[in-house]
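What follows is one structure encoded as structure tokens, with my remarks underneath.
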Amino acid sequence: MKYTRFEKARIIGARSLQVSLGAPVLIDIPEGMIDPVEIAMLEYDTDMIPITVKRDI
């Protein structure tokens with residue numbers, strides 16, 4: 001599914017909040033990467049974020 005830039009921002013923001021509050025990280029992160037936003041973007045790029053978007057068509 002192709003997301004708009006607004007949906008992408010919302011997904012990454014929601015996932016980074018989850019990671020910052022202690023949610024398990026779903027990918028192997030590089031040594032020293034501690035920023036939740038960077039981790040969420042890395043998860044987004046590898047299609048590992050368990051968040052879906054509901055659209056009214």
Side-chain angles (χ1 to χ4, degrees):
M1 175 179 243
K2 184 139 172 93
Y3 296 113
T4 66
R5 61 184 176 168
F6 306 107
E7 291 168 340
K8 179 180 176 181
R10 179 71 169 107
I11 290 169
I12 290 174
R15 183 62 185 152
S16 64
L17 179 64
Q18 291 174 352
V19 170
S20 70
L21 293 175
V25 178
L26 302 174
I27 58 171
D28 293 328
I29 56 172
E31 181 88 20
M33 183 181 281
I34 58 171
D35 185 24
V37 176
E38 288 181 9
I39 294 170
M41 287 193 304
L42 193 58
E43 286 183 345
Y44 180 85
D45 291 338
T46 57
D47 293 327
M48 291 297 296
I49 296 183
I51 296 174
T52 58
V53 175
K54 252 182 107 171
R55 293 183 184 163
D56 292 329
I57 298 177

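This one's a predicted model, so the numbers in the text were calculated from it and none came from an experiment. FYI, the numbering just counts along the sequence from 1.
The environment of CD1 in Ile34 is sparse: at most 12 heavy-atom neighbours from other residues, nucleotides or ligands sit within 6.0 Å.
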Donor-acceptor list for residues 45-52 side chains, cut-off 3.5 Å, not counting sequence neighbours:
from	atom 1	to	atom 2	distance (Å)
Thr46	OG1	Leu42	O	3.1
Thr46	OG1	Glu43	O	3.1

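Across all their heavy atoms, Arg55 and Glu7 have their closest contact at NH2-OE1, 2.6 Å. A pairwise comparison of heavy atoms in Ile39 and Val25 identifies CG2-CG1, 3.8 Å as the closest pair. Listed here is the closest heavy atom pair of Ser16 and Ala40: N-CB, 3.7 Å. In this structure, Tyr3 and Lys8 approach most closely via the heavy-atom pair CB-N, 4.4 Å.
The closest side-chain heavy-atom distance from Arg15 to Leu26 is below 4.5 Å.
In this structure, Met41 is a member of the same hydrophobic cluster as Ile11, with clusters built from ILVMFWY side-chain heavy atoms closer than 4.5 Å. Note on Tyr44: it clusters hydrophobically with Val53, by side-chain heavy-atom contacts below 4.5 Å among ILVMFWY residues.
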